[in-house]
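All chains are named by letter (A, B, ...) in the order of the sequence lines, taking the proteins before the strands, and each is independently numbered beginning at 1. Predicted model, so just to flag it, every value in this text is computed and none were measured. All values below were derived from every heavy atom in this structure, side-chain atoms included, with hydrogens, water molecules and symmetry-related copies excluded.
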Protein chains: 2
Amino acid sequence: MPLHMFILNANQPNRIIQSLRALSHQFSANPSFAMTGSRSDHTKGAKSPPPDDTVTQQGASPSSPASSSIAPPPPPDPAPKKRNAFLELMSPKHKSPKTAVIPADPHSHAAAKLKKGSYRGALLEYIQHPDRFPASQVLRTTPNTVLIRDAFPKATVHLLLLPRSPAHYEQHPHEALSDPAFLATIRAEAETAARLAAAELARQLSPFSASSKARNDALATGTVPYDDLPAGRDYLPEIRIGVHAHPSMAHLHVHILSRDMHSDRLKHRKHYNSFNTPFFVPLADYPLAEDDERRDSAFQNANLGRDLVCWACGKGFGNKFAELKRHLDDEFELWKKR
Amino acid sequence: MPLHMFILNANQPNRIIQSLRALSHQFSANPSFAMTGSRSDHTKGAKSPPPDDTVTQQGASPSSPASSSIAPPPPPDPAPKKRNAFLELMSPKHKSPKTAVIPADPHSHAAAKLKKGSYRGALLEYIQHPDRFPASQVLRTTPNTVLIRDAFPKATVHLLLLPRSPAHYEQHPHEALSDPAFLATIRAEAETAARLAAAELARQLSPFSASSKARNDALATGTVPYDDLPAGRDYLPEIRIGVHAHPSMAHLHVHILSRDMHSDRLKHRKHYNSFNTPFFVPLADYPLAEDDERRDSAFQNANLGRDLVCWACGKGFGNKFAELKRHLDDEFELWKKR
DNA sequence: TATTCCGATAGTGAC
DNA sequence: GTCACTATCGGAATGAG
C-alpha cells in the first residue's frame with residue numbers, strides 16, 4: 001500500500017495534541033489505567049477525515065474506554081534468542097517480499113544505504129504496513145506518521161516517530177526537516193508522542209516519585225474526586241525529541257525518549273553518545289543553519305567516540321562504559337524518586 | 001633447606017644421560033609402561049654421591065621396576081576452578097611462609113621482579129621444596145636442578161628445568177648462562193629432561209605414528225623379542241630446549257617442550273610467539289655474544305607482537321590467533337601421524 | 001551511527 | 001612475557017531462492 005499522497009494540514013495536528021494533552025494530564029499518574037488496551041476517539045476530531053486520515057491507536061476494540069496512555073511494553077525477553085533477534089523483530093509476522101524493501105527512487109539516500117544490507121530498511125515495514133504489527137509495537141498510526149516502540153530502547157521509554165511520505169523519509173534528516181510544512185507536521189506529531197511517552201513514564205515511575213506522593217496517596221484512598229487530586233510529577237520535561245545526525249537506519253525516524261538512558265539495551269559508548277552529544281539533534285533546532293557544525297561528518301564521528309559524561313551529574317567516565325553503566329543505575333534510582 | 005653448595009661434575013650428567021638414553025630407547029614406544037610410577041636406579045651411578053647428591057625421580061617405591069619414562073600427567077581439570085588455579089597450583093599443600101619467597105639478595109634480578117607480586121616467585125617453592133609436590137608435578141630432583149611439569153603447558157609435553165643455585169637462578173638467563181660450568185651442567189640436565197620428554201611424547205603419540213607402526217604391531221603380538229623390535233619414530237628431534245629472552249617468572253627456568261604448540265593453555269599471541277620467534281633462545285645458542293640482537297629489549301618486545309606464523313607449514317596468520325589455533329589442531333593431526 | 005557474534009587488545013589484580 | 005578476569009575495541013555478517 002504505497003502512500004502517494006502526503007497531506008499536510010497544520011491545524012489537524014494541533015487539534016490532536018490538544019485532545020491528547022487533556023487526556024495525558026488526566027491519566028498520566030494512574031499506573032493501573034494504562035494496563036488496559038486503549039483507543040482514543042478524541043484523536044479523531046480532525047475535520048473532514050477521509051478513511052486514510054483516520055488516527056488509530058491499536059490494541060483495543062472501539063468500545064474500550066478512552067485513554068491516551070499507551071499499553072505497557074511486553075516483558076523483556078527472559079532468555080534472549082541466540083540469533084537474529086533483530087531481524088525477527090523487524091518481520092514479526094512473515095518475511096516481507098523482497099520488493100517491499102526497495103524504495104521508489106533507487107538513487108535516494110535510503111536506497112544507497114539499503115544496498116549494504118536489508119537491516120537498514122527494517123523500518124519500512126512499519127511505515128507501509130503498520131497494521132501487521134501488534135499494538136505493543138505500533139502505538140499510533142496517522143496518514144502522515146507511524147509511532148512505534150523502539151525495538152531496542154535505550155531508555156525507560158523510547159519511541160520512534162516514522163514519517164510515511166517517501167519523498168521525506170528517504171532524505172537525510174537535515175534535508176527532510178528543512179521543509180517547513182513537513183517539519184511542522186512532524187513536530188506536532190512528535191509532541192503528541194512525547195505526551196504519550198510522558199504518560200507511560202508516569203505509569204512506570206510515579207509510584208516511586210516523591211513529588212507524586214500526595215497524588216498517589218489521594219488516589220489510594222479512592223475517595224478524592226478526580227478533579228481534586230493533587231498534581232503529580234510532570235514527566236514531559238523528562239522526554240527528549242530529536243534525530244541522530246547520521247542515522248544507520250535508512251528511513252527517517254525521530255527519537256522520543258526519556259532522559260534516563262537506563263536500559264539493558266544500552267550496550268556501547270556510541271549508543272550513549274548518540275543521545276548525549278551534539279550527535280543528537282533536538283527537533284526544536286530544525287531547520288539547521290547552513291553552517292551548523294552538526295552537519296559536519298568528522299565532527300559527528302568525533303562525538304560518538306568522545307569521553308563519556310553522565311547526563312545527570314556531569315561526572316566524566318573517560319572510556320569506562322561499564323563504569324558509567326553502573327553509575328547510571330544509581331542515577332536512575334535518584335531520578336525515579338524525584 | 002637452602003642450598004649453599006652447587007657442585008659441578010661434568011662427568012656425572014653424561015653418565016646419567018647415557019643410562020637414560022638406553023632406557024628411553026627401550027620404553028619410549030610402550031604406551032602402557034609409563035602408566036606405572038617409576039624410579040630409575042640407573043640414574044644413581046654418579047661417583048661419590050653424598051646424600052644431597054641423590055638423583056630422585058618421584059612417584060615410585062624403590063622396588064618398582066626401573067624406567068626412564070615419566071608418569072603421565074594428571075588428567076586436565078574437568079571443570080577448571082574459577083579462581084586462583086595458578087596460585088593453588090603453586091602452593092599445593094600449604095601456603096608457603098612469606099619469607100620463603102624473599103630471595104637472599106634483595107637487589108637481585110629476582111628480587112626486583114618479586115616486588116611486583118608474589119606470583120613471580122612461584123617457582124621458588126619447587127626449587128627449595130621439591131618434596132612438597134606430588135610426583136605428577138616434580139619429575140626429577142638433583143642437587144643442582146629440579147625438573148617439573150609446566151603447570152600451564154603450551155605443548156603436548158612441556159617441562160621446566162629449574163637450577164637450584166641462588167647465585168644463578170636470580171640472574172637473568174643471559175647472565176647466568178654465560179657461566180661455562182653452570183651452562184654445562186644445565187645443558188646436561190636439560191638433555192636428560194629432553195629424553196624424558198621424548199619418552200613421554202612417544203607414550204602419548206606413537207600409537208598414531210605411521211613410522212612407529214611396525215614397532216607397534218610387533219609389540220602387539222607380544223612374541224617379538226625386545227631387542228628385535230623395529231625402531232619406532234624418534235621423538236627427540238621434536239623436543240626443543242631454550243629460555244625466554246625476558247621471562248616473567250623471577251627464577252631461571254629452562255623450557256623443554258615438544259614442537260607442536262598444541263595445548264588448551266596456549267591462549268594468547270604472546271604465548272605462541274614467545275616460543276616461535278627469536279624470543280625463544282635455544283639453550284644451544286648460549287653463551288650469547290655481547291652484540292647478539294636477542295639481548296635487545298625493544299627487539300624482543302617486537303617479537304612478541306609479531307604476525308603469527310605456523311611453525312609447521314610457514315603459513316602466515318597476521319594477528320588472527322584463533323585462526324592459528326584452529327590451524328594448529330590440523331597440523332597436530334598430521335604431525336601425530338608422521 | 002541497526003544488532004549480534006567473534007575475536008583481538010588492554011589493564012588489573014593476585015600477596 | 002605468570003594467569004585469569006573484566007572490559008574495550010574492531011571487523012563481518014545479517015536477507016534470500
Side-chain angles (χ1 to χ4, degrees), chain A residues 80-91 95-98 100-101 113-114 116-123 150-152 154 160 173 243-251 253 265 267-275 277 279-280 297 300-301 303-305 308 318-323 325, chain B residues 80-91 95-96 98 101 113-123 150-152 154 160 243-251 253 265 267-275 277 279-280 297 300-301 303-305 308 318-323 325:
Chain A
K81 311 309 178 297
K82 266 300 179 193
R83 308 205 115 265
N84 274 351
F86 175 75
L87 293 170
E88 284 164 17
L89 278 166
M90 293 303 109
S91 301
K95 319 229 167 179
S96 54
K98 197 144 201 173
V101 294
K113 291 201 163 189
L114 274 172
K116 291 186 182 177
S118 65
Y119 78 84
R120 293 176 184 275
L123 296 178
D150 190 303
F152 302 91
K154 305 305 187 294
L160 297 180
V243 302
H244 283 157
H246 294 292
S248 284
M249 303 282 277
H251 303 94
H253 51 288
R265 299 297 200 171
K267 294 179 176 177
H268 309 294
R269 182 209 297 236
K270 287 176 181 180
H271 283 162
Y272 185 81
N273 277 349
S274 74
F275 290 103
T277 68
F279 193 92
F280 184 81
S297 215
Q300 293 296 12
N301 270 347
N303 276 324
L304 292 175
L308 297 160
N319 67 343
K320 309 293 191 211
F321 179 80
E323 225 175 280
K325 281 285 287 181
Chain B
K81 311 308 177 296
K82 267 302 181 194
R83 306 207 118 265
N84 274 353
F86 176 75
L87 291 171
E88 284 165 15
L89 277 166
M90 296 300 109
S91 302
K95 316 224 169 186
S96 53
K98 202 144 197 170
V101 295
K113 292 201 162 189
L114 274 173
K115 285 176 186 165
K116 291 186 182 177
S118 66
Y119 78 84
R120 293 177 184 273
L123 295 178
D150 191 301
F152 303 91
K154 303 307 188 294
L160 297 180
V243 302
H244 283 158
H246 293 291
S248 284
M249 303 283 277
H251 302 93
H253 50 288
R265 301 296 201 167
K267 295 179 176 177
H268 308 295
R269 183 209 297 234
K270 287 177 180 179
H271 283 163
Y272 185 82
N273 277 348
S274 73
F275 290 104
T277 68
F279 193 92
F280 184 80
S297 214
Q300 293 297 12
N301 270 345
N303 275 325
L304 291 175
L308 297 159
N319 66 344
K320 308 294 190 211
F321 179 81
E323 226 175 278
K325 281 286 286 180

*asked:* Checking contacts here: which listed nucleotide (dA4(D), dT3(C), dG1(D)) is nearest the side-chain heavy atoms of His244(B)?
replied: dG1(D)

*asked:* Suppose we screen for side chain to side chain contact (heavy atoms under 4.5 Å, CB included). Which residues come up paired with Lys320(A), at least two apart in sequence or across chains?
replied: Glu323(A)

_Please enumerate all residues that pass side chain to side chain donor-acceptor pair (under 3.5 Å) together with Thr277(B), with sequence neighbours excluded._
none

_Among residues at least two apart in sequence or on other chains, which ones pass ring-ring contact (aromatic ring centres under 6.0 Å, His included) with Phe275(A)?_
His158(A), His244(A), His255(A), Phe280(A)

*Mind calculating the distance between NZ (Lys320(A)) and P (dT6(D)) to the nearest angstrom?*
15 Å

*Exam field: side chain Asp150(B) to backbone Leu160(B), donor-acceptor pair closer than 3.5 Å*: no

_Length of the NZ-C1' vector between Lys270(B) and dT2(D), whole Å_ = 12 Å

*To the nearest Å, give me how far apart OH (Tyr119(A)) and P (dT14(D)) are.*
13 Å

_If I take atom CZ in residue Phe321(A) and atom P in nucleotide dC9(D), what distance separates them, rounded to the nearest angstrom?_
11 Å

*Would you indicate what Lys154(B) reaches in the nucleic acid, counting non-hydrogen atoms under 4.0 angstrom: base, sugar-phosphate, or nothing?*
sugar-phosphate

_Using a 4.0 Å heavy-atom cut-off, does Asn273(A) contact any base of the nucleic acid, only the sugar-phosphate backbone, or nothing at all?_
nothing

*Using Watson-Crick or G-U wobble pairs with both distances under 3.5 Å, give me DNA chain C in dot-bracket, 5' to 3', with [ ] for crossers and | for pairs to another strand.*
.|||||||||||||.

